[in-house]
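One structure below.
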Amino acid sequence: MAGDLTVKLGERSYDIKFGRGIANQAGRFCSDLDMGNHVAVVSNPTVWKYWGKPIFESLTAAGFTVHKVEIPDGESFKNNESLNIIYDFLIEEGLDRQSFLVALGGGVIGDITGYAASTFLRGIPFIQIPTTLLAQVDSSVGGKTGINHRLGKNLIGAFYQPRLVIIDSSMLDTLPEREYLSGLAEVVKYGVVCDGRFFQFLESSVEKLLSRDSDCVLETVRKCCELKASVVERDEREGSYRAVLNFGHTFAHAIEKLTEYSQFLHGEAVAIGMVHSAKLSESKGYASAEDTMRIVSLLKSLHLPTEFTGFSSDDYRSVMLRDKKVREGGINFVFNKGLGNSLIERVTDWDCLLKNVVQ
Ligand code: NAD
Ligand code: GLY
């Protein structure tokens with residue numbers, strides 16, 4: 001079993017447990033944390049069908065009174081109505097401050113459950129049991145929680161750290177192929193902006209990653225969590241440095257918006273956005289043509305898209321100017337510095353930003 005990690009944030013520190021088949025120890029892990037006797041497991045019907053029973057049984061066997069809260073599956077339900085379903089349930093069932101929540105699902109469930117926990121009775125504990133690759137390598141760690149507003153994604157939220165993250169790689173066995181590959185885009189991101197040796201490891205592990213070799217997947221997920229933890233420990237509330245994790249995301253958000261969230265999964269848009277950002281980094285002299293070529297080639301070998309045509313630089317510009325991170329016409333943009341390093345620079349010249357990447 002891969003060794004556990006601790007995210008070191010003073011009194012908000014917590015462990016990430018890794019292993020294959022460890023979800024059925026969830027009850028025992030929670031018993032060690034003194035979070036109260038009542039637990040509400042928040043999930044959706046898709047995830048519950050596969051993974052609800054072992055989690056429910058493990059928590060029950062450990063002596064907890066277990067409640068199940070289901071919200072509909074999908075990004076379009078990461079909203080106020082679903083949040084109210086959770087609040088209504090918790091209030092009607094009489095959960096009090098001696099209670100905690102379990103987020104059992106992908107990033108949507110993790111984000112909304114964390115936000116519910118941060119606000120219910122002014123804050124009760126929660127733990128994350130992420131079931132998608134994206135959630136295991138990114139969203140379950142670091143404490144960004146929230147919901148979407150009709151005027152934009154993730155506009156309502158809070159920084160609120162979980163008390164524990166349980167990463168069971170066997171949960172990925174039921175994940176559809178496209179979702180799994182999409183999660184690999186965020187994996188590649190860590191190699192590009194945080195760790196060149198990890199990028200090399202990914203280049204040499206393509207076959208194993210594609211076949212979901214269990215040791216390789218677990219090692220990869222653990223490495224991503226280690227890298228994410230070190231970023232979050234340095235800049236928990238995204239004062240500046242944490243933004244390196246947004247590499248490729250400014251373009252990705254524009255692509256998702258231009259295609260009305262219907263053509264690409266998030267990781268697929270991130271893959272294209274990373275190629276745009278790499279080309280830009282190359283044009284600025286921060287990275288070489290070979291670096292860009294290696295990024296493109298790794299993404300292609302992982303069956304991820306690397307280009308997107310059909311929209312002009314004017315289309316991109318109009319959407320990007322509405323990005324919530326734009327301030328006074330400029331944006332803090334993440335560039336890769338070679339492979340394994342990054343820098344953040346304020347960009348106001350949109351022509352320059354777009355000319356090298358959008359034909
Ligand atoms: P998701 O949660 O919608 O899950 C994708 C699909 O896979 C869903 O249909 C889900 O029901 C299904 N699924 C989940 N686990 C499964 C399993 N083991 N077997 C079979 N099906 C399974 O999407 P996601 O990609 O996990 O997360 C995307 C969300 O994460 C977005 O809302 C995004 O804003 C958020 N996010 C948050 C952070 C953060 O730091 N908090 C970071 C990145 C993304
Ligand atoms: N997913 C980016 C972050 O957690 O900051």
Side-chain angles (χ1 to χ4, degrees), residues 1-5 7 15-26 29 46-47 49-51 54-55 58 104-107 110 128-141 165-230 245 247-248 264-268 270-271 274-275 293-306 339-340:
M1 179 157 104
D4 298 343
L5 279 174
V7 184
D15 288 344
I16 310 175
K17 294 195 178 290
F18 298 90
R20 191 171 168 81
I22 61 166
N24 58 14
Q25 295 177 57
F29 295 149
T46 315
V47 175
K49 178 178 72 183
Y50 296 117
W51 299 106
I55 299 299
S58 171
L104 176 65
Q128 292 267 17
I129 306 184
T131 62
T132 62
L133 183 57
L134 177 136
Q136 295 194 348
V137 299
D138 191 354
S139 61
S140 64
V141 175
V165 182
I166 301 173
I167 296 190
D168 180 341
S169 57
S170 75
M171 288 181 147
L172 302 180
D173 294 353
T174 56
L175 192 64
E177 184 69 356
R178 195 172 163 202
E179 292 287 350
Y180 175 76
L181 295 175
S182 172
L184 286 176
E186 301 282 0
V187 170
V188 171
K189 173 189 80 179
Y190 288 106
V192 177
V193 291
C194 295
D195 188 335
R197 284 179 54 177
F198 181 52
F199 189 89
Q200 275 176 27
F201 166 82
L202 295 174
E203 287 178 315
S204 61
S205 306
V206 166
E207 292 310 317
K208 285 184 174 172
L209 288 168
L210 289 176
S211 64
R212 305 194 198 191
D213 174 275
S214 65
D215 287 344
C216 181
V217 171
L218 200 52
E219 189 181 345
T220 300
V221 171
R222 190 186 181 285
K223 184 71 197 176
C224 293
C225 289
E226 190 184 309
L227 292 168
K228 176 141 191 191
S230 69
L245 299 175
F247 179 70
F264 298 108
L265 294 180
H266 177 65
E268 295 168 343
V270 168
M274 288 196 292
V275 173
M293 189 270 293
R294 283 174 67 189
I295 294 171
V296 172
S297 143
L298 177 57
L299 292 169
K300 277 190 172 156
S301 66
L302 295 171
H303 303 169
L304 285 159
T306 54
L339 283 174

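Note that the coordinates shown come from a computational prediction; the quantities given were computed from them, not determined experimentally.
The CZ atom of R20 lies 9.0 Å from the CG atom of L218; values are rounded to the nearest 0.5 Å. If you take CG on D173 and OH on Y180, they are separated by 10.0 Å, rounding to the nearest 0.5 Å. The distance from the CG atom of L210 to the CG atom of L184 is 7.0 Å, given to the nearest 0.5 Å. One finds the OH atom of Y50 at 9.5 Å from the CG atom of L175 (value rounded to the nearest 0.5 Å). Between the OG1 atom in T131 and the CH2 atom in W51 there is a gap of 9.0 Å [rounded to 0.5 Å].
Closest non-hydrogen pair, N24 versus S58, comes out as O-OG, 2.9 Å. In this structure, T132 and A135 approach most closely via the heavy-atom pair OG1-N, 3.0 Å. Residue D4 comes nearest to K17 through the heavy atom pair OD2-NZ, 3.3 Å, listed as atom of the first residue, atom of the second, then distance. Of all the heavy atoms in C194 and L227, the pair that sits closest is CB-CD2, 4.1 Å. When all heavy atoms of D168 and I22 are compared, the pair lying nearest together is OD2-N, 3.1 Å. Of all heavy-atom pairs spanning F18 and R222, the tightest one is CE2-CA, 3.5 Å.
Under the 3.5 Å distance criterion, the side-chain polar atoms of E268 are matched with a main-chain donor or acceptor of L265. In this structure a side-chain-to-backbone donor-acceptor pair under 3.5 Å is present from Q136 to P130.
Looking at residues two or more places apart in sequence or on another chain, you find no salt bridge (charged side-chain N to carboxylate O under 4.0 Å, His left out) involving E207. For F199, there are no ring-ring contact (aromatic ring centres under 6.0 Å, His included) partners, not counting sequence neighbours.
With salt bridges taken as basic N to acidic carboxylate O contacts below 4.0 Å, one links K228 and D138. Ion pairing between K208 and E219 fails under the 4.0 Å rule for side-chain N and carboxylate O.
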* Asked: What do the steps show when you test M293 against L298 for side chain to side chain contact (heavy atoms under 4.5 Å, CB included), and what is the final call?
  -> CA-CA 9 Å; M293 189 270 293; L298 177 57; over 6 Å; no
* Evaluate the criterion side chain to side chain contact (heavy atoms under 4.5 Å, CB included) for residue pair T220 and S205; output intermediate values, then yes/no. => CA-CA 10 Å; T220 300; S205 306; 5.8 Å; no
* Evaluate the criterion side chain to side chain contact (heavy atoms under 4.5 Å, CB included) for residue pair Y190 and L245; output intermediate values, then yes/no. => CA-CA 8 Å; Y190 288 106; L245 299 175; 3.8 Å; yes
* Asked: Where do L299 and R294 land on the side chain to side chain contact (heavy atoms under 4.5 Å, CB included) test, with the steps shown first?
  -> CA-CA 9 Å; L299 292 169; R294 283 174 67 189; over 6 Å; no
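Between V187 and the choices L134, V137, L209, the side-chain contact (heavy atoms from CB on, under 4.5 Å) rule is met once, by V137.
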